[in-house]
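Both counts, for ligands and for their atoms, begin at 1 and track the order of listing.
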Amino acid sequence: MKSTANWEASVPATSDIEQLKPHLNKQEQGQLIQQIKDKLAEQNAVLVAHYYTDPILQQLADETGGCVSDSLEMARFGKASSAEKIIVAGVRFMGETAKILSPEKTILMPDLEANCSLDLGCPAEDFIPFCDQHPDHTVVVYSNTSAAVKARADWVVTSGIATKVVEHLKAQGKKILWAPDRHLGQYIQSVTGADMLLWQASCIVHDEFKADALEALKQKHPDAKILVHPESAYTVVKMADVVGSTTQLINAVQNMDAQTFIVATDNRIFYKMQEAAPDKTLIEAPTGGVGASCTMCAHCSWMAMNSLQGILDVLENGKNEVFVDEAVRVKAYESTQRLLDFAASLKK
Ligand code: 13P
Ligand code: SF4
């Protein structure tokens, strides 16, 4: 089932978001960064940033004792942190997840409009009745969903752990209702052979990577390894040497015995990949075939809404606080905490 909500038309192009940002010279940027550092320290606040945000923000999170990571680690870090205030530089569901796990903390986001096509493509009012129609299925949702959708789920998973959770459920003979990402669902189904009913939403950024153009690029770089985030179409996933979460793809660049990598995910991840392996060559996977144009162009426009000025504004004014209805939060906590407990059991 696919949501019928008409949000697609209002998604901004990444270039439009970037053009709206003030162009700061080095000195102005330095001043802004210093102001943010002072405020973070004064307010016992910490910055948690996703790998897809501007490298300036990733560097700032690193320098101030925050965290730069995938969505699983962002959730873990926020919960474990002793900070009273968490600034989440990412998209809406990441802020909500932080609130679900840490209701006593103040969660702020540089821009509350920063959304995700997977979240928008799976509205609770459509999803809940769909689940009710399939009571014999275990409901497993990707973390890229609203708190209300998580509250209806038995399990929340991230791309880094989804396959393991589904294998675990399959071993118990469970049938799975999977939402919202159809590509990730198809990939997990192909790996695990589990009985999965798939919701039909997708990521508008990863949807732009195209298999035929990737094939042509690979021919030009025959020794390159192909790294693919599983939100990409299955035709692209099938060409990958490594399929994985953002952290798993960074680890692949660092650990694989190859010099060149073609990367099919948001290109802001190159900052951490290059930091982990400065001598390796990274090439962006193509976002279209011959004559095609792109809207996201390998960078999520919602992730691009996070800026230095936005962070300073929320620290100065306390605006953009994330709230989750308490009854919803308590239910969403169960399915989200199940993910963290399962991840911890794997580490043992
Ligand atoms: P990760 O959990 O791999 O960081 O993915 C989050 C996301 O939104 C990717 O598009
Ligand atoms: Fe959502 Fe795709 Fe952006 Fe990730 S890259 S936040 S899945 S729209």
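Contact analysis puts H50 in contact with ligand 1, with a non-hydrogen atom separation below 4.0 angstrom. Heavy-atom separations between Y52 and ligand 1 include at least one value shorter than 4.0 Å. In this structure, H206 is part of the shell of residues with a heavy atom less than 4.0 angstrom from ligand 1.
Any N or O atom pair closer than 3.5 Å counts here, and T158 shares no such pair with ligand 1. When only interatomic distances are considered, the shortest N/O to N/O separation between D70 and ligand 1 does not fall below 3.5 Å. Residue-to-ligand polar distances place N144 within reach of ligand 1: an N/O pair is separated by less than 3.5 Å.
The distance from ligand 1 to the heavy atoms of S159 drops below 4.0 Å at these ligand atoms: 1 (P), 2 (O), 3 (O). If you number the atoms of ligand 1 from 1 as listed, the ones under 4.0 Å from a heavy atom of S245 come out as 3 (O).
In this model, a donor atom of one side chain and an acceptor atom of the other lie less than 3.5 Å apart for S190 and Y234. With no hydrogens or angles considered, a side-chain donor-acceptor pair links T265 and H206 at under 3.5 Å.
Given atom 2 (O) of ligand 1, the protein heavy atom at minimum distance is S71 OG, 2.5 Å. Protein heavy atom in closest approach to atom 7 (C) of ligand 1: E231 OE2, 3.6 Å.
Residue contacts with ligand 1, taken as heavy atom pairs separated by less than 4.0 Å, do not involve V205 at all.
In the displayed structure, K280 atom NZ is contacted under 6.0 Å by more than 12 heavy atoms of other residues, nucleotides or ligands. Within 6.0 Å of atom CD in E113, 12 or fewer heavy atoms from other residues, nucleotides or ligands are found, so the atom counts as exposed in its surroundings. For CD of Q27, the number of neighbouring non-hydrogen atoms (other residues, nucleotides, ligands) closer than 6.0 Å is 12 at most.
For the pair L346 and K164, the minimum side-chain heavy-atom distance is below 4.5 Å. Inter-residue side-chain proximity for R329 and P103 is flagged as met; some heavy-atom pair is nearer than 4.5 Å.
For residues 321-348, the pairs satisfying ring-ring contact (aromatic ring centres under 6.0 Å, His included) are W155-F342, H168-F342, with sequence neighbours left out. Legend: side chain to side chain donor-acceptor pair (under 3.5 Å) pairs involving residues 298-313, not counting sequence neighbours, sorted by first then second residue: D266-H299, Q309-D313.
Compare M74, M303, H229, Q248 by their heavy atoms: the one nearest to atom 3 (O) of ligand 1 is in H229.
When hydrophobic clusters are built by joining Ile, Leu, Val, Met, Phe, Trp and Tyr residues whose side-chain heavy atoms come closer than 4.5 Å, directly or via intermediates, M273 is not grouped with L57.
Around atom 3 (Fe) of ligand 2, the protein atoms of type N, O or S found under 2.8 Å away are C300 SG, listed by chain and number.
Grouping Ile, Leu, Val, Met, Phe, Trp and Tyr by side-chain contacts under 4.5 Å, direct or through others, leaves V330 on its own.
Of the possible donor and acceptor atoms, one in the side chain of K150 sits under 3.5 Å from a partner among the backbone N and O of T145.
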